[in-house]
Amino acid sequence: MHIPDGFLNAETWVTMDIVAGLGIVYAIRKTKTSLGERQIPLMGVMAAFIFAAQMLNFPIAGGTSGHFIGGVMAAVLLGPWAATLVMSTIFIVQCLLFQDGGLTALGANIFNMGIIGTVFGYYIYRGVMISFGGKKGLLWGVGIASWLAVVLAATFCSIELAFSGTVPLRAALPAMAGVHALIGVGEAIISVGVIRLILKARPDLLQRYG
Amino acid sequence: MKHAFLDKYSDLGSIIHRVDPRVKVIFFFVLILVIVSTPPQELLKFSGYFLMLLILLLLSRIPLLYVFARSLVIIPFVLLTAIFIPFFKGGEVAGSYNFLTLNLTISYKGILIFQNILIKSWLSVLSLTILTSTTKFSSLLKALETLKVPRVIILIASFFYRYIFLLIDQIMKIKNARDSRSFKKNPVYQFKIIGYMIGELFIRTYERAERIYLAMVSRGFSGTIHTLESFKINRFDLYFLGSLITIIFFIRLWR
């Protein structure tokens, strides 16, 4: 759910733009120290990969369809900070080229669907993986983090809209979180499928981050 | 490959296409800020912005139908928000109706909120559509770079643009292969298959990225990308920016 322009009031969108901006600046500093120039083509092609993956629609109840976000998957594959840059770039391109999500709401969209999945989701994944251990722990970690990232994205989206006076929180929050609790299951199954296949075919690609 | 949809019409040669990309980026970003900050009841001002966008659109010679079709992208989100409008309590009631067991009322406040988001999001989408349909994506990125968007983001976006067509082609081929083999409608099964498809694409993409990097290094890539294109602001660009910004501030501040 990309928030268009005009849905958020100035306090909300300015705050979210600052939050997302700081997140991106921090991610740039982190990736500069940990990754070399080699990562730039990789991150660029990965952005295209995630965008292409998002084009696979899957049906949800009632004739509507949803698509994969991929924030947690990106963080598992690329590490949290490189994934933050990749996801942010995708939202910037979607905003400019496809008008999917507004310019002023860009910070909110990057935070909701990007940073929550790539940073928060990543640490949930790590936590679950370490406490369960083994391959099973890794897959459960990916699944739980992916589901949580979708539900939290919807939750933050409705809180931001309610804060702006666009929707009433009492009605919107349970509805949005409820619907996305279902969509999140789809996201989780897909993410687990991706990681399972990579574990089988190219396990070396997953080793760098655990 | 049939996906030339990213910056369609950006290679037309109209007067708007020829304006310096930086000037266009600044103008449309300011315009969106002004639109978003205009109080919702000022319908006359919104008509002013619309008229201005329409004139720019006609000058740019982009097909009107294309732009209006593109602007429908906001509809799902507008509808989603509209669902919640009747749940706003308080304020003067404009009408009420019964839905199942709920007695829903629509207040004037609710209508104003709806009008606000509908107009603002639509005008903003029109602005961005005109910007990206009159500017090549590479020029847009270069303009953003000179306007201090971090270089890493610009580089990622330019690689994105270079490879997105290939990858979309690849995923569509995988999708065709799936559709011609599988007719199971069980959703859990479908999700799993989508996961494997994406995993497959990931591995291929990763290997592609390694090849790309090696090819670039062997040609002397050192972390910076140079382009032959350089921007020059001429007098027309300055007039364009100055007069249009004056007009939008005039509309915004006029009472």
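Residue numbers start from 1 in every chain, and the chains themselves are labelled A, B, ... in the order their sequence lines are given, proteins ahead of strands.
Counting heavy-atom pairs closer than 4.5 Å to chain B, the top residue among Ile3(A), Ile90(A), Ile92(A) is Ile3(A). The choice from Pro168(A), Pro4(A), Ala53(A), Ser158(A) that makes the most heavy-atom pairs within less than 4.5 Å of chain B is Pro168(A). Ranked by heavy-atom pairs shorter than 4.5 Å toward chain B, the options Gly6(A), Gly70(A), Ala172(A) are led by Ala172(A). Counting heavy-atom pairs under 4.5 Å between each of Leu141(B), Ile83(B), Val78(B) and chain A puts Val78(B) at the top. Contact tally against chain B (heavy-atom pairs below 4.5 Å) for Ser88(A), Gly101(A), Ala10(A), Gly165(A): the top residue is Gly165(A).
For a residue to count as touching a neighbouring chain, one of its non-hydrogen atoms must lie under 4.5 Å from one of that chain's; by this rule Leu144(B) touches chain A with the side chain only. With a 4.5 angstrom heavy-atom cutoff, Leu96(A) touches chain B via backbone and side-chain atoms both. Only the side chain of Ile24(A) comes within contact range of chain B, with heavy atoms under 4.5 Å apart. Residue Ala175(A) touches chain B through its side chain alone, counting heavy-atom pairs closer than 4.5 Å. Proximity to chain B (any heavy atom under 4.5 Å) is shown, for Ile195(A), by neither the backbone nor the side chain.
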Exercise for the section: Begin with the C-alpha distance, continue with both residues' side-chain angles, and end with the deciding distance and a verdict on side-chain contact (heavy atoms from CB on, under 4.5 Å) for Met55(A) and Met172(B). Expected result: CA-CA 9 Å; Met55(A) 295 189 75; Met172(B) 287 304 154; 4.2 Å; yes
Practice task
For side-chain contact (heavy atoms from CB on, under 4.5 Å), just list the numbers for Val93(A) and Phe137(B), CA-CA rounded to whole Å, side-chain angles, deciding distance to a tenth of an Å, and then say yes or no.
Solution key: CA-CA 10 Å; Val93(A) 172; Phe137(B) 190 61; 4.0 Å; yes
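Between Phe159(B) and Ile40(A) there is a side-chain heavy-atom pair separated by less than 4.5 Å. At least one side-chain heavy atom of Tyr206(B) sits less than 4.5 Å from a side-chain heavy atom of Leu42(A). Side-chain contact between Phe202(B) and Met73(A): absent, with no pair of heavy atoms (C-beta onward) separated by less than 4.5 Å. Contact check for Asp5(A) versus Ile35(B): no side-chain heavy atoms found under the 4.5 Å cut-off. Proximity of Phe191(B) to Ser191(A): side-chain heavy atoms (C-beta onward) are nowhere separated by under 4.5 Å. Within the 4.5 Å cutoff, the side chain of Cys95(A) has heavy atoms near those of the Leu128(B) side chain. Proximity of Ile194(B) to Phe68(A): side-chain heavy atoms (C-beta onward) are nowhere separated by under 4.5 Å.
The heavy-atom pair separating Ala209(B) from Val45(A) by the smallest distance is CB-CB, 4.2 Å. The two residues Ala171(A) and Phe84(B) make their nearest non-hydrogen contact at O-CE2, 3.6 Å. The two residues Ala47(A) and Ile156(B) make their nearest non-hydrogen contact at CB-CG2, 3.9 Å. Taking each heavy atom of Ile203(B) and Ala201(A) in turn, the nearest pair found is CD1-CB, 3.6 Å.
Judged by distance alone, the side chains of Thr132(B) and Gln99(A) do bring a donor and an acceptor atom under 3.5 Å apart.
Within 6.0 Å of atom CZ in Phe29(B), more than 12 heavy atoms from other residues, nucleotides or ligands are found, so the atom counts as buried in its surroundings. Within 6.0 Å of CZ in Arg196(A) there are 12 or fewer heavy atoms belonging to other residues, nucleotides or ligands. The environment of Arg202(A) atom CZ is dense: over 12 non-hydrogen atoms of other residues, nucleotides or ligands sit within 6.0 angstrom.
Note that CG of Leu197(A) is 11.0 Å distant from CG of Leu201(B), once rounded to the nearest 0.5 Å. Rounding to the nearest 0.5 Å places CD1 of Ile28(A) at 10.5 Å from CZ of Arg151(B). Rounded to the nearest 0.5 Å, atoms CZ (Phe49(A)) and CD1 (Ile168(B)) are 13.0 Å apart. Here the NZ atom belonging to Lys200(A) is positioned 7.5 Å from the OH atom belonging to Tyr196(B), to the nearest 0.5 angstrom. Separation of atoms CZ (Phe114(B)) and OG1 (Thr166(A)) is listed at 12.0 Å; rounding is to 0.5 Å. Taking CE of Met197(B) as the start and CG of Leu56(A) as the end, the distance is 4.5 Å to the nearest 0.5 Å.
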